A.B. asks: 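This is the structure I want to talk about, given as structure tokens.
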Amino acid sequence: MDFRPSANIARLKESATLAVAAKARALKAAGIPLLDLGQGEPDFDTPAFIREAATEALAAGATRYTATEGILPLREAIAADANRLWGPGDVSPAEVLVSNGSKQSLFNACFCCFGPGDEVLIPTPAWTSYYEMVTLARATPVPVMGDPANALKVTAPQLAEAATPQTRGLMLNSPCNPTGAVYTRDELAAILALAAERGWWVLADEIYQRISFDGPACAALEVAPTRANLIVINGVAKAYAMTGWRIGWTIAPPAVTRAMNAFQSHTTSNAAAVSQHAALAALARRDEADAAVRTMVAAFHRRRDAVLAALAPFPAVRVVHPAGAFYLYVHVGGFAGAADAGAAFATRLLEEDQVAVVPGGAFLTPDWVRASYATTEAIAVEGVTRLARRLVAG
Ligand code: PLP
């Protein structure tokens, strides 16, 4: 029988990163050594104390369903963490919903808050899935281009200008994938004030919040004038090197949390019990966790400095200052006269220099490519050096 995609996914696009990833796989399979700057996950193992906590939880019987919203001690730890940022300190575990990764948390929030006729502002470039999630909710993503002179970030006045009476919400991501840019306290405060005034939902994706190099990245809870329109999304994947465990969460007003919980109860139920116990160790055993995060962030920081030093001999190569996360966003506009310069450059770099990067078209900015330095310093430096040479050579 012919498969005709339903109206639900009629506009779903396959990830624009797939073509390069498929080529990279083919090259690897053919035995060609590849410098892979494509991946978006830490190259570290999950810290040992977290893995041990999971083993102990399994032995103690963490093998069954939990409450859809997650085990109470984990939600308590998440609320306690939030209360360290939120002045009034009134975040309660009832406002926390634990999901299968922050990706599911983001989808739950989009699906429950937005629908047909709604417009959602997306500071662009942004993580590729934001556009698709908003579209899957049958709302309309409205990309708002960031200013290249300001690390491709958007400002409150730019958002105000892009808004219409249909605007219902805003996706925020600081530190940002793909650019590595970090919003300052003032920038974030101005955007949150505007959103509160206009009654827009703010989905603040803070999955990279702890990975910041030029000082701590400001969290939305530190500067939001109210939590009434704020949905904070976070998880353990990036900061704790726990991508495979699939634990993320939302902190949202009770009515939103109840709706997302009901939705999740009919789609996936609870996140894996054993993973919840692992996440609990990451959040509750603060001293060990902080030491592990500090070590990993210090390594990302060293690599960040090393790739910037590798670029120093190539002043013509323009990058967004990488202040957080583990990405370097490189301007390749005009490369080979291609309309999609990022794709043309990524293909050439892969085929001729054996370096894999992600074309910026995936993030609605085709004049750029994303290089990840979540790999060894040697690979990151060699990869970025080849990238710069290729860009200069044309
Ligand atoms: N948000 C951003 C900006 C990301 O880059 C990613 C992963 O790449 C996610 C969310 C998803 O993370 P998780 O593994 O928690 O689903």
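Whatever order the structure lists them in is the order used to number ligands and atoms, beginning at 1. As the structure is a prediction and not an experimental result, all values here were calculated from the model.
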A.B. asks: Determine the sole option in Ile191, Leu203, Val142 for which the side-chain contact (heavy atoms from CB on, under 4.5 Å) test with Leu170 is passed.
C.D. replies: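 Filter result, single survivor: Ile191.
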
A.B. asks: Tell me whether Asn261 contacts the main-chain N or O of Thr257 through its side chain, where contact means a donor paired with an acceptor under 3.5 Å.
C.D. replies: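 No: the side chain of Asn261 does not pair with the backbone of Thr257.
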
A.B. asks: Considering only Ile, Leu, Val, Met, Phe, Trp and Tyr, and joining two whenever side-chain heavy atoms are under 4.5 Å apart, list the other residues clustered with Leu72.
C.D. replies: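 So far as hydrophobic clustering goes, Leu72 is joined with none.
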
A.B. asks: List, pair by pair, the atoms of ligand 1 and of the protein that are both N or O and lie under 3.5 Å apart, giving the separation rounded to 0.1 Å.
C.D. replies:
from	atom 1	to	atom 2	distance (Å)
ligand 1	1 (N)	Asp205	OD2	2.6
ligand 1	5 (O)	Asn177	ND2	2.7
ligand 1	5 (O)	Tyr208	OH	2.8
ligand 1	8 (O)	Lys238	NZ	2.7
ligand 1	12 (O)	Ser102	OG	3.0
ligand 1	14 (O)	Arg246	NH1	2.7
ligand 1	15 (O)	Ser102	N	2.8
ligand 1	15 (O)	Ser102	OG	2.8
ligand 1	16 (O)	Ser102	N	3.2
ligand 1	16 (O)	Lys103	N	2.9
ligand 1	16 (O)	Arg246	NH2	2.8

A.B. asks: Do Glu382 and Thr385 meet the criterion of a side-chain donor-acceptor pair at a distance under 3.5 Å?
C.D. replies: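 There is no such pair (donor and acceptor under 3.5 Å, judged by atom type) between the side chains of Glu382 and Thr385.
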
A.B. asks: Can you give me every donor-acceptor pair (side chain of residues 324-346, partner residue at least two apart or in another chain, under 3.5 Å) with its distance?
C.D. replies:
from	atom 1	to	atom 2	distance (Å)
Tyr327	OH	Tyr208	OH	2.7
Tyr329	OH	Thr365	OG1	2.6
Asp340	OD1	Ala343	N	3.1

A.B. asks: Taking ring-ring contact (aromatic ring centres under 6.0 Å, His included) as the cut-off, I'd like each qualifying pair that reaches into residues 25-64, sequence neighbours left out, listed once.
C.D. replies: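 Only Phe44-Phe300 qualify under ring-ring contact (aromatic ring centres under 6.0 Å, His included).
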
